[in-house]
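Working notes, structure below.
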Amino acid sequence: MGIHMQILIAILLGIKRNWHIFFGLIAGIIVGILLPASHYPLVHKILDIIGQSFINIIQMVVIPLVISAIVIGISSIGDNKQLAKFGKKMIFYYLIITCAAVTIGAVLALVMKPGMGAQSFINPDVAHQMQGYVSSAIAEQQSNMTGMFLGLIPKNPFHSLATGDMVPIIIFVLIFSIALAKIGEINRPVVSFFESIFAATMKVTDWIMYLAAPGVFALTAASVSNFGVSMFEGVWKYLLVLALGFLIQFFFIYPLMLKIFSKVPVGKLYTAITEAIMVAFGTASSSATLPLTITCCEKRGISSKICSFVLPLGATLNMDGTALMQTVAVIFLAQTYGIELSWIIILQIAILAMVASSTCAGIPGAGLITIALVLNGIGLTPEQLVIGFSFLFALERLVDMMRTTVNVASDAVVAAIIADNENEINYELLNNDSYKDIV
Ligand code: ASP
């Protein structure tokens with residue numbers, strides 16, 4: 001049987017195990033189409049409130065989970081050499097996966113030319129409405145960029161905790177955990193404390209997952225009800241390029257990486273993470289999906305040592321889906337405006353997209369904001385391209401749902417490869433489809 005057939009069957013098996021989440025997803029799409037927000041604003045508002053409540057409730061566990069996971073992960077890895085080895089491997093695999101994503105994005109966008117002819121579809125009214133939104137996003141991005149590098153350094157970890165700033169939190173916890181690992185036995189009370197926090201947050205995640213079906217339903221319905229047929233005019237090719245790119249990552253690159261670098265059976269891994277993939281699609285947030293990504297991977301045999309180190313870092317730093325989207329979007333904008341792109345500029349776009357995607361938070365919409373970094377890097381500003389940008393905003397939620405699914409799947413793929421390389425995977429659990437249900 002071909003690998004792609006195996007993947008489809010694997011996902012179906014995952015869906016069967018938690019068919020209610022899939023049902024929520026499909027019902028959400030149908031309800032969203034039947035009840036457009038423009039005609040049923042009250043229904044849209046209610047769906048939005050339910051969906052947001054679901055995102056809020058999962059986000060409630062993200063910070064305690066990330067902190068406790070990293071503390072346990074690093075203190076269980078123990079010696080510096082092993083930690084450096086895991087860290088290097090993680091960066092190596094994340095780089096390969098993101099390089100593949102930007103290459104695929106660039107090749108597809110150059111071959112399929114999604115921006116050609118798109119400008120004739122620009123609706124001046126829609127562009128005008130979008131202008132205010134785009135301007136505020138740009139202002140936010142500019143202030144973000146100024147403070148971006150300084151903002152990574154955790155001046156006051158409690159402030160970062162209060163504002164939910166994941167990168168400084170992770171940097172602080174990494175330093176703190178390495179120190180804990182270094183001080184030896186005296187670290188026991190603190191490590192045990194975080195072990196209890198981790199176990200409790202995982203329990204809460206299990207409970208929250210009972211809400212996954214209604215949550216995913218409401219989020220999907222609310223998003224789909226905002227789509228209008230007219231917004232696809234002129235940009236269907238852009239959407240097609242992205243969808244193709246994401247599918248290539250999902251069905252070719254990840255299986256290829258799993259095959260080359262590990263002996264993890266592709267189908268088994270995809271079955272294991274189906275719930276996380278569905279929730280990533282519904283929430284469009286890698287951070288919000290993180291508790292479930294950890295649950296799926298741990299319950300299916302990837303050691304908590306690897307999960308707790310690789311997955312939280314991946315959810316904030318590894319955004320191959322976002323990098324692919326940013327590459328395609330910038331080339332699309334250039335084509336729309338008839339800007340010639342030399343090979344050097346295309347290479348620059350790809351490299352900048354790798355950087356910009358990894359600086360973006362695992363929350364909805366972040367990737368479209370950090371795209372300004374790529375545009376600035378090649379001497380353009382979003383203000384110059386505001387009308388073309390309005391296309392991207394119109395499609396944003398749908399594209400975000402797709403790219404987040406890819407972002408989350410790649411975190412799990414890298415965790416599985418490292419776990420295999422380090423003998424940190426329990427194949428009996430991974431191969432046993434009926435072993436322990438996630439929800
Ligand atoms: N929503 C994406 C994520 O959470 C980030 C992005 O906007 O690209 O992974």
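Whatever order the structure lists them in is the order used to number ligands and atoms, beginning at 1. Given the structure is predicted, the values throughout are model-derived calculations rather than measurements.
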Exercise for the section: Around atom 2 (C) of ligand 1, find the nearest protein heavy atom and jot down its residue, atom name and distance. Expected result: Thr404 OG1, 3.3 Å
Problem - Criterion ring-ring contact (aromatic ring centres under 6.0 Å, His included) on Phe250 and Tyr270, from CA distance to verdict - result: CA-CA 10 Å; Phe250 202 82; Tyr270 278 56; 4.9 Å; yes
Exercise for the section: Please check if any side-chain donor atom of Asp411 sits under 3.5 Å from a side-chain acceptor atom of Thr293, or the reverse. Expected result: no
Practice task
Using distance alone, with no hydrogens and no angle criterion, decide if Asn318 and Ser410 have a side-chain donor and acceptor under 3.5 Å apart.
Solution key: yes
Handout entry: Under 4.0 Å to a heavy atom of Ser285 - the qualifying atoms of ligand 1, by number
Key = 4 (O)
Completion exercise
Among non-hydrogen protein atoms, atom 1 (N) of ligand 1 lies closest to Asp400 OD1, 2.7 Å
Problem - Lys113 (side chain) donor-acceptor with Leu110 (main chain) under 3.5 angstrom - result: yes
Problem - Under 3.5 Å: N/O of Leu368 near N/O of ligand 1 - result: no
Practice task
Using modelled atom types only, decide if a donor and an acceptor are shared between the side chain of Glu424 and the backbone of Ala419 within a distance under 3.5 Å.
Solution key: no
Exercise for the section: Give yes if a backbone or side-chain nitrogen or oxygen of Met319 is under 3.5 Å from a nitrogen or oxygen of ligand 1, and no if not. Expected result: no
Problem - Ala284: numbered ligand 1 atoms lying under 4.0 Å from its heavy atoms - result: 1 (N), 4 (O)
Problem - Shortest protein contact, atom 4 (O) of ligand 1 (heavy atom only) - result: Ser286 N, 2.7 Å
Handout entry: Under 3.5 Å donor-acceptor, Asn421 side chain and Phe261 backbone
Key = yes
Exercise for the section: Would you check if there is a donor-acceptor pair between the side chains of Gln326 and Thr370 at a distance under 3.5 Å? Expected result: yes
Completion exercise
The atoms of ligand 1 lying under 4.0 Å from a heavy atom of Arg403, numbered in the order shown, are 6 (C), 7 (O), 8 (O)
Practice task
Anything under 30° is parallel, anything over 60° is perpendicular, the rest tilted; go ahead and classify Phe23 against Trp19.
Solution key: perpendicular
Exercise for the section: Just jot down the ligand 1 atoms closer than 4.0 angstrom to any heavy atom of Gly367, in number order. Expected result: 6 (C), 7 (O), 8 (O)
Exercise for the section: Find all atoms of ligand 1 within a distance of less than 4.0 Å from any non-hydrogen atom belonging to Asn407, and give their numbers and elements. Expected result: 2 (C), 3 (C), 9 (O)
Practice task
Heavy-atom contacts with Ala366 under 4.0 Å: which atoms of ligand 1 show up? List them by number with element.
Solution key: 7 (O)
Completion exercise
Logged contact type for Val408 with ligand 1, heavy-atom cut-off 4.0 Å, is neither
Handout entry: Per-atom contacts of ligand 1 with Ala361, taking only distances under 4.0 Å to non-hydrogen atoms
Key = 5 (C)
Problem - Pair Glu396 + Arg403: basic N to acidic O under 4.0 Å - result: yes
Fill in the blank from the handout: For Thr322, the atoms of ligand 1 under 4.0 Å from one of its heavy atoms are 5 (C), 6 (C), 8 (O)
